[in-house]
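What follows is a single structure, written as structure tokens, with notes after it.
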There are 2 protein chains.
Amino acid sequence: MSVALVSIVIRDAPGASAESRRRVLQAADELGYRPDTRARLLRSSRSRLLGVVFGVQHAFHGDLVSGLYTAADEVGYELALSAVTPGRHERRAVASLLQDRCEALILLGPHAPTSYLAGIAAHQPVVVVARAARHRDLDVVRTDDAEGLRQAVDHLVTRGHRRIAHIDGGRAPGAAERRRGYREAMRRHGLDTETRVLTGGLTEDDGATAARALLDANPPPTAVTVFNDRCALGVLDVLHRAGLSVPDDISVIGYDDSRLARLSTINLTTIAQDTEQITTLAVSRAADRLGHSPVTQRELVIPPRLVVRATTAAPPP
Amino acid sequence: MSVALVSIVIRDAPGASAESRRRVLQAADELGYRPDTRARLLRSSRSRLLGVVFGVQHAFHGDLVSGLYTAADEVGYELALSAVTPGRHERRAVASLLQDRCEALILLGPHAPTSYLAGIAAHQPVVVVARAARHRDLDVVRTDDAEGLRQAVDHLVTRGHRRIAHIDGGRAPGAAERRRGYREAMRRHGLDTETRVLTGGLTEDDGATAARALLDANPPPTAVTVFNDRCALGVLDVLHRAGLSVPDDISVIGYDDSRLARLSTINLTTIAQDTEQITTLAVSRAADRLGHSPVTQRELVIPPRLVVRATTAAPPP
DNA sequence: TTGAAAGCGCTAACAA
DNA sequence: TTGTTAGCGCTTTCAA
């Protein structure tokens with residue numbers, strides 16, 4: 001019984017008798033044999049490995065990772081995860097994936113400048129997810145964030161709001177786009193003079209801080225669109241504590257449609273990103289590049305969807 | 001210039017002239033050379049790779065992963081991450097790590113039965129984190145969850161509470177221990193008759209559901225200890241909406257000291273787990289096993305710490 | 001200080 | 001259907 005024959009059986013490749021298969025499988029089982037992925041990859045030049053860089057603190061990245069696993073499974077790729085943590089920077093995370101011989105990289109909301117990302121893309125396909133990046137070597141899969149904020153503002157204006165503020169995400173990926181969408185929508189409704197952008201961020205604390213600033217305004221806005229759900233949660237909390245009723249006194253719209261937003265007790269009106277489509281497209285885009293399939297659009301922009309829940313209503317009289 | 005010489009330079013091993021080093025490094029730089037981790041590991045029998053299974057949805061696991069990266073770094077190990085997602089079960093996550101030839105496995109709050117974990121531990125070291133598991137082959141690093149709940153109950157009793165309920169974590173890792181700690185503490189204070197355990201869970205929704213049941217009680221408790229912070233958040237929300245003031249009408253204690261709890265606006269009294277110590281010990285325990293250092297205690301139980309914030313006070317008169 | 005040669009566990013081409 | 005052989009990119013003797 002040669003190693004080659006065993007290899008055939010283990011890989012479930014054609015060219016072995018039923019009897020051989022049985023014997024090999026049984027022996028493998030008894031010995032607790034596990035194929036060595038590394039040796040396997042070393043031999044066959046392809047690793048069928050997609051590297052994924054994600055932020056370990058981001059709930060939304062968690063959702064994306066879940067979707068990526070499923071999508072990769074379907075096209076026969078494996079995922080190699082590399083986390084960005086407070087003590088482990090993005091470049092470190094990327095470097096470790098490159099050493100592992102990933103065939104392509106999928107970066108979730110990367111903070112690094114486009115030039116750096118393009119540098120990596122010179123060697124292997126790079127798919128940037130949930131962030132804009134203009135470069136001919138970079139594939140991008142992202143939600144149409146500007147459109148998301150347009151939908152939010154339209155929804156509020158339809159309900160009769162005029163004093164609509166935006167608590168932004170600062171320098172976070174996607175923040176600039178959302179700010180732009182907000183500004184454009186306000187202008188389109190002739191509300192230039194009511195446009196008000198406050199500095200927020202990714203976290204509840206950022207939202208809380210911004211909300212306090214919001215309450216100092218005179219008159220305060222009757223509605224506020226917030227960078228993401230987490231940040232919106234901080235806003236909601238401050239508003240409640242200030243004795244304001246949501247949505248009777250002030251309407252709030254989040255972004256992401258996270259688990260938090262869906263909570264019956266929070267029930268936040270929000271902009272949903274289509275994680276399934278984003279992850280499916282990100283993986284198939286990577287696979288296309290690796291399979292040298294022709295790619296027509298470098299950037300795939302997925303429309304978001306307004307999810308109306310209980311934090312938006314008509315403004316107070 | 002031979003491959004062997006290049007290898008020496010790249011590994012920064014002794015035995016190469018300064019001139020050779022310079023030339024190799026320069027050439028490597030020009031060619032964009034990256035050592036192939038897989039080939040390297042294939043050759044040297046050791047992979048210096050620690051496999052980590054974590055729940056991609058758990059914020060607390062995120063904190064642990066961050067700590068593990070740091071700890072692994074310090075002892076010269078790399079981490080291979082494998083996520084558990086709604087569509088990717090724990091066994092799948094474990095299997096992929098085993099194929100990657102991780103030298104040891106670190107499992108964060110695994111759900112699998114001890115017998116299954118022990119089966120893996122027969123082949124390589126397994127460190128179970130944040131869950132109890134009694135088996136001679138399994139190393140365990142966990143918080144003294146029972147002690148955590150004792151501290152919570154003691155704190156409340158000291159403040160004058162007697163009707164103290166517990167919203168548990170159902171079948172989640174750690175839930176049984178915390179339940180036991182609660183029951184023991186109540187008994188020790190002679191409050192057997194006031195002991196009341198409600199089924200909760202890991203999420204805000206679980207907490208909300210349990211809190212509604214809590215309010216149906218007559219008389220309702222004056223304080224409640226909750227399985228974790230996320231769950232406590234759901235509880236707080238329901239209480240607020242029911243017009244109850246926390247902590248004036250009812251006190252609430254969470255568990256984990258997550259970012260959520262620290263929010264100035266939530267300010268939840270909670271039980272902090274020492275993530276730094278847990279992760280450091282988990283990694284060094286794995287390293288000890290691999291280095292065949294003698295290990296005295298199979299189970300390392302870390303004391304938790306009560307963090308008093310604004311959700312606990314004396315009961316209403 | 002350098003190089004030649006063997007081999008880690010596997011796959012792939014070819015021969016038997 | 002099975003076995004032989006070569007080699008993936010690296011490390012590690014050992015000799016030059």
Side-chain angles (χ1 to χ4, degrees), chain A residues 1-51 76-78 80 95-105 123-124 290-291, chain B residues 1-51 76-78 80 95-105 123-124 290-291:
Chain A
M1 187 130 296
S2 69
V3 267
L5 184 53
V6 172
S7 174
I8 286 173
V9 174
I10 295 293
R11 278 177 297 140
D12 208 22
S17 66
E19 171 59 10
S20 299
R21 280 186 201 283
R22 196 193 53 71
R23 286 177 54 204
V24 169
L25 259 22
Q26 185 186 334
D29 200 44
E30 278 169 16
L31 299 172
Y33 170 83
R34 289 180 181 282
D36 186 329
T37 315
R38 282 148 209 284
R40 182 176 269 180
L41 298 185
L42 178 57
R43 171 60 229 218
S44 36
S45 47
R46 303 207 46 186
S47 73
R48 299 206 74 84
L49 208 56
L50 300 177
Y77 278 85
E78 297 271 316
S96 95
L97 290 178
L98 292 178
Q99 293 216 304
D100 285 347
R101 285 289 187 269
C102 293
E103 293 187 28
L105 256 43
H123 295 96
Q124 64 263 98
L290 294 171
Chain B
M1 186 129 298
S2 70
V3 269
L5 185 52
V6 172
S7 174
I8 287 173
V9 175
I10 295 294
R11 280 176 297 138
D12 207 21
S17 67
E19 171 60 10
S20 298
R21 282 190 200 281
R22 197 192 55 71
R23 284 176 57 202
V24 169
L25 259 22
Q26 185 185 334
D29 199 46
E30 279 169 15
L31 299 172
Y33 169 84
R34 287 179 182 283
D36 186 328
T37 316
R38 286 152 205 279
R40 180 176 272 180
L41 299 185
L42 178 57
R43 173 60 231 219
S44 39
S45 48
R46 303 209 43 187
S47 72
R48 298 205 75 83
L49 208 55
L50 263 28
Y77 279 86
E78 297 272 315
S96 95
L97 290 178
L98 292 178
Q99 296 214 177
D100 285 347
R101 285 287 187 272
C102 294
E103 293 186 29
L105 256 42
H123 295 96
Q124 61 264 98
L290 294 170

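Below, chain A is the first sequence line, B the second, and so on; all start at residue 1. All heavy atoms count here, side chains included; hydrogens, waters and symmetry mates do not. Values in this document were obtained by computation on a predicted structure and should not be read as measured data.
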Rounded to whole Å, how long is the line connecting atom [atom1] of [X] with atom [atom2] of [N]?
X	N	atom1	atom2	result
A:Arg23	D:dT2	CZ	P	9 Å
A:Leu42	C:dG7	CG	C1'	12 Å
A:Arg40	C:dC10	CZ	P	8 Å
B:Ile10	D:dT11	CD1	C1'	13 Å
B:Ile8	D:dG9	CD1	C1'	16 Å
B:Leu41	C:dC10	CG	P	14 Å
B:Glu19	C:dT1	CD	P	13 Å
A:Arg48	D:dC8	CZ	P	21 Å

field: Closest heavy-atom pair and its distance - B:Leu49, B:Tyr77
entry: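 In this case the closest contact between B:Leu49 and B:Tyr77 is N-CD2, 4.0 Å.
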
Heavy-atom pair of closest approach, residues B:Ile8 and B:Arg21: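 So the minimum-distance heavy-atom pair works out to O-NH1, 4.2 Å.
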
message: Would the base of D:dG7 count as contacting A:Arg43 through its side chain, where contact means a donor and an acceptor less than 3.5 Å apart?
response: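 Yes, the side chain and the base share a sub-3.5 Å donor-acceptor pair.
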
Between [options], which nucleotide gets closest to the side-chain atoms of [X]?
X	options	result
B:Met1	C:dG3, D:dT1, D:dG3	C:dG3
A:Leu5	D:dT2, D:dG9, D:dT12	D:dT2
B:Ser17	D:dG9, C:dG9, C:dT1	C:dT1
A:Ala39	C:dC10, D:dT4, C:dG3	C:dC10

- prompt: For B:Arg48, does the CZ atom sit with more than 12 other heavy atoms under 6.0 Å from it, leaving out its own atoms?
  reply: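 Counting neighbours around CZ of B:Arg48, more than 12 heavy atoms of other residues, nucleotides or ligands fall under 6.0 Å, so yes.
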
Nearest 0.5 angstrom please: [X] [atom1] to [Y] [atom2], how far?
X	Y	atom1	atom2	answer
A:Ile10	A:Leu25	CD1	CG	6.0 Å
B:Glu103	B:Leu41	CD	CG	8.5 Å
A:Ser17	A:Leu5	OG	CG	7.0 Å
A:Gln124	A:Leu97	CD	CG	9.5 Å

message: What contact category does B:Ala16 fall into here, base, sugar-phosphate, or nothing, at under 4.0 angstrom with non-hydrogen atoms?
response: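 Sugar-phosphate: the residue B:Ala16, judged by heavy atoms under 4.0 Å, touches backbone atoms but no base.
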
- request: Tell me which of A:Thr37 and B:Ser20 sits closer to the 5' end of DNA chain C, going by the nucleotide each one is nearest to.
  value: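 Final value for this comparison: B:Ser20.
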
- prompt: Do the non-hydrogen side-chain atoms of A:Val6 and A:Met1 ever get within less than 4.5 Å of each other?
  reply: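 The answer is yes; the side chains approach within 4.5 Å.
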
Global bending angle along the helix from C:dT1-D:dA16 to C:dA16-D:dT1, which compares the axes of five pairs at either end, to 10 degrees: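 Angle reported: 40°, given to the nearest ten degrees.
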
- prompt: Toward the 5' end of DNA chain D, which comes first, B:Tyr33 or A:Ala18, by nearest nucleotide?
  reply: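 Closest to the 5' end, via its nearest nucleotide, is A:Ala18.
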
- prompt: Side-chain N or O of A:Ser7 less than 4.0 angstrom from OP1 or OP2 on C:dA12?
  reply: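 So the side chain of A:Ser7 is outside the cut-off, no N or O lying under 4.0 Å from OP1 or OP2 of C:dA12.
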
message: Does D:dT12 have OP1 or OP2 under 4.0 Å away from a side-chain N or O of B:Arg11?
response: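 Checking B:Arg11 against D:dT12: at least one side-chain N or O falls below 4.0 Å of OP1 or OP2.
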
